[in-house]
Amino acid sequence: MWSYYKYIHDIKRLFKKFMANVRLFIYILISLFFHILFINLHPVNLEELFLYASENIASKTDLELYFKYQANTLLYSTILHFLSKIFPFIELNALSKIISCSGYVFLGIGIYYLRKNSYISFSHDMVFLLIAINPLIWSFGYRGTPDFISLAIGFCGLCLTLDKNKILEKSGYLILGLSIALKPHSIIFFIFLFLKKINFSKNVIEHINTNYLNIILLLLIPTLFFVGNYIKYDFLLLNDNLQNNHSLSIENVLPNLISYFGILTIFCFLIFFYIFLKDIFRKDYLVFKCGLVYITIFIPLSLILNFDGEIFLGFLSSIINQRLYIYILVILSFLSLFYLIKLFKSNKDLERLIILSSLIFIFLLALSRPSDRYIIFLITFIIILFRYELQSKILTFFYFIFNITIASIIFSNQYINSTLTKNIKKSLVEKKLQYNTDLGNLFVHAPVFKNEFGKTQDFKFKLYMYKKKVSIHDECVQVLFFNKCYSIVKTK
């Protein structure tokens, strides 16, 4: 009788796991569907430079424009270049976006192997979904840039290195190396792996000697790429044009740390706010006491600190006063910092490894010019870290509503910018105004177009990326209740 009940229990468990895998597969397909649906959106936010580099990959002279404004490596554009030869029937912009949104496949594979090796017991299909609908993940999935795909490949590679199958393990190291070559910020996964392998041991050298083959596999692709990069373009990671902007800056570490922790709280707000409310209902007021001290110190200090870089979340900078936004960042930065440190004190090894890796990663980011998009590399870790809190149906419900709302707002802004940029470029060419129009900030969304036509100084017209009362031509786009216009104004 006992064996019969055990048999039934095992069947139910296997069926439950099978259905979770089916749901995971469906969620991946749904994510791909919604991104491929808008695959022909015109490039925005310097996406165009990756396409330009792909078309001119063999010419160092032509790549000067890319090197001048892009801190990303050339590997993404190199891969895009070779894939365009294999799939010449796919338009380059669409192919770039396919590469980017394929990150959902790698993300799903990584989640599957985490569950397979018992690193997460919470429904792995739900973990994927919670990661996928994060506004940063969802919005960068639409963009033909290396941000999301390098994150997804790096996460997948990390998860494979944890598998017991030796072939998968070795493949994981190669894949993780590929992601680091694509975007060095994937080093967060290497930090986690390194800490796990040494297991907080003092015998670091011994562990390195034991894993020397894995280290070779990990470094193989980055070494080949960066050495080749140096031979051909005379620099390893950053060219001379960008070294000053991204050089180490010790004096800005504190404001950069505040910025990153604040932005992390913004993109994972409901998680940290939910834990905060739980503390209040449990009458655990430590968060209030520490928060009061933190805010008392850092709000006045923020008045003299230099908050610089891409920390103003794009279009939000035009809605919220900059000083007010910095105050909000300071306050919100406390929540993520406090709860990461609090959870680190637990005796759970996985949680401690994730938190320590994340804190080291944030510190490394803070050493150079900050950018809000780098937080995307923390999202997978944060969701896994707070997976038990996310089993709350109330939190999950509001998490979905909140994130889908924010993701929709970000996508609406991207759609508007994409459509406007495409239309205004077409209008300028049709009216033959591209040569004598001051293109202004159109560089942000169409750097190649501006570089090609914006060289003269004898401007008779000026392009404004907002509505002007008196203009000779306007381009406007509205999505839901969001409306934006570009105007061409005669100046002479």
Side-chain angles (χ1 to χ4, degrees), residues 34-35 37-52 65 68-70 91-94 96-97 135 138-140 142-145 310 312-322 324-325 372-373 405-492:
F34 278 106
H35 284 75
L37 196 63
F38 296 95
I39 208 160
N40 290 316
L41 282 180
H42 188 279
V44 296
N45 297 103
L46 303 183
E47 273 183 84
E48 195 179 34
L49 283 176
F50 295 102
L51 309 180
Y52 175 81
L65 176 65
K68 187 175 181 180
Y69 298 106
Q70 269 295 348
E91 197 267 329
L92 196 62
N93 178 43
S96 180
K97 286 181 167 60
W138 193 257
S139 60
F140 274 98
Y142 283 106
R143 298 184 185 180
T145 68
E310 302 169 38
F312 298 101
L313 302 182
F315 68 98
L316 281 180
S317 60
S318 61
I319 300 174
I320 302 176
N321 175 270
Q322 183 170 319
L324 175 61
Y325 177 73
D372 49 29
R373 68 182 181 275
T405 301
I406 300 300
S408 298
I409 292 172
I410 294 174
F411 174 74
S412 297
N413 184 64
Q414 180 182 344
Y415 182 87
I416 288 171
N417 285 330
S418 173
T419 306
L420 276 176
T421 303
K422 180 180 178 180
N423 291 348
I424 201 70
K425 285 168 64 178
K426 183 179 178 182
S427 297
L428 284 166
V429 173
E430 287 179 347
K431 296 177 183 296
K432 299 180 180 179
L433 298 176
Q434 69 271 31
Y435 290 106
N436 52 8
T437 299
D438 180 356
L439 299 174
N441 290 330
L442 187 65
F443 166 80
V444 176
H445 299 307
V448 180
F449 185 83
K450 183 176 179 181
N451 183 67
E452 183 179 357
F453 298 116
K455 297 177 181 178
T456 179
Q457 296 300 315
D458 185 24
F459 298 126
K460 297 179 182 178
F461 306 92
K462 183 174 177 62
L463 174 66
Y464 291 88
M465 296 176 76
Y466 53 87
K467 177 73 172 175
K468 295 286 286 186
K469 290 183 179 179
V470 180
S471 63
I472 65 166
H473 181 75
D474 294 322
E475 290 286 350
C476 296
V477 174
Q478 181 163 348
V479 176
L480 301 176
F481 49 86
F482 299 102
N483 181 66
K484 193 172 182 179
C485 297
Y486 286 177
S487 295
I488 302 174
V489 176
K490 188 172 183 180
T491 56
K492 288 184 181 181

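Just the heavy atoms: all of them, side chains too, but no hydrogens, waters or symmetry mates, feed the values below.
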* To do: Please identify each residue that fulfils ring-ring contact (aromatic ring centres under 6.0 Å, His included) with Phe461, with sequence neighbours left out.
  => none
* Using the test salt bridge (Lys or Arg N to Asp or Glu O under 4.0 Å), find all partners of Lys422 that sit at least two apart in sequence or belong to another chain. => none
* Sequence-distant partners of Ser427, side chain to side chain donor-acceptor pair (under 3.5 Å), two or more places apart -> His473, Glu475
* For Thr421 against Asn417, the heavy-atom pair lying closest together -> OG1-O, 2.6 Å
* With under 30° as parallel and over 60° as perpendicular, where do the rings of Phe411 and Tyr415 fit, or are they tilted in between? -> tilted
* Sequence neighbours left out, what passes side chain to side chain donor-acceptor pair (under 3.5 Å) with Asn40? Give chain and number order. => none
* Structure fact -> Value for CZ (Phe38) from NZ (Lys97), rounded to nearest 0.5 Å, stands at 12.5 Å
* Structure fact -> Rounded to the nearest 0.5 Å, the OG1 atom of Thr437 sits from the CD1 atom of Ile424 at a distance of 9.0 Å
* Give the intermediate values and the outcome of side-chain contact (heavy atoms from CB on, under 4.5 Å) for residues Phe443 and Leu46. => CA-CA 8 Å; Phe443 166 80; Leu46 303 183; 3.9 Å; yes
* Asked: Can you name the side chain to side chain contact (heavy atoms under 4.5 Å, CB included) partners of Lys468, sequence neighbours left out?
  -> Tyr464, Tyr466, Ser487, Val489
* Heavy-atom pair with the smallest gap, counting every atom of His445 and Pro447 -> C-CD, 3.6 Å
* **Exercise: identify the closest heavy-atom pair between Tyr142 and Glu47** => O-OE1, 4.4 Å
* For residues 434-448, which residue pairs qualify under salt bridge (charged side-chain N to carboxylate O under 4.0 Å, His left out), counting only residues two or more places apart or in two chains? -> Asp438-Lys462
* Pairs touching residues 441-450 that satisfy salt bridge (charged side-chain N to carboxylate O under 4.0 Å, His left out), sequence neighbours left out -> none
* Under the side chain to side chain donor-acceptor pair (under 3.5 Å) rule, collect the residues that match up with Thr145, sequence neighbours excluded. => Asp147
* Asked: Would you say the side-chain atoms of Ser96 pair up with the backbone N or O of Leu92, donor to acceptor, closer than 3.5 Å?
  -> no
* To do: Provide the closest heavy-atom pair for Gln434 versus Leu428 in the form atom of the first, atom of the second, distance.
  => OE1-O, 3.1 Å
* Asked: Does Pro43 offer a backbone N or O that forms a donor-acceptor pair with the side chain of Glu48 under 3.5 Å?
  -> no
* Considering only heavy atoms from C-beta outward, does the side chain of Cys485 approach that of Asp474 to under 4.5 Å? -> no
* Of all residues at least two apart in sequence or in a different chain, which pass the ring-ring contact (aromatic ring centres under 6.0 Å, His included) check with Phe34? -> none
* Note, Ile406 side chain near Ile410 side chain (heavy atom, < 4.5 Å) -> yes
* Any chance you could lay out the side-chain contact (heavy atoms from CB on, under 4.5 Å) test for Asn45 and Val444, step after step, and finish with the verdict? => CA-CA 5 Å; Asn45 297 103; Val444 176; 4.2 Å; yes
* Structure fact -> Applying side chain to side chain donor-acceptor pair (under 3.5 Å) to Lys460 and not counting sequence neighbours gives none
* **Residues which pass ring-ring contact (aromatic ring centres under 6.0 Å, His included) with Tyr52, listed by chain and number, not counting sequence neighbours** => none
* Results of side chain to side chain contact (heavy atoms under 4.5 Å, CB included) for Ser418 - residues two or more places apart only -> Leu41, His42, Val44
* Asked: Do you know the tightest heavy-atom contact between Asn483 and Ile416?
  -> N-CD1, 4.4 Å
* What closest approach, in Å, do Leu439 and Leu463 show between heavy atoms, and which atom pair accounts for it? -> O-CD2, 3.8 Å
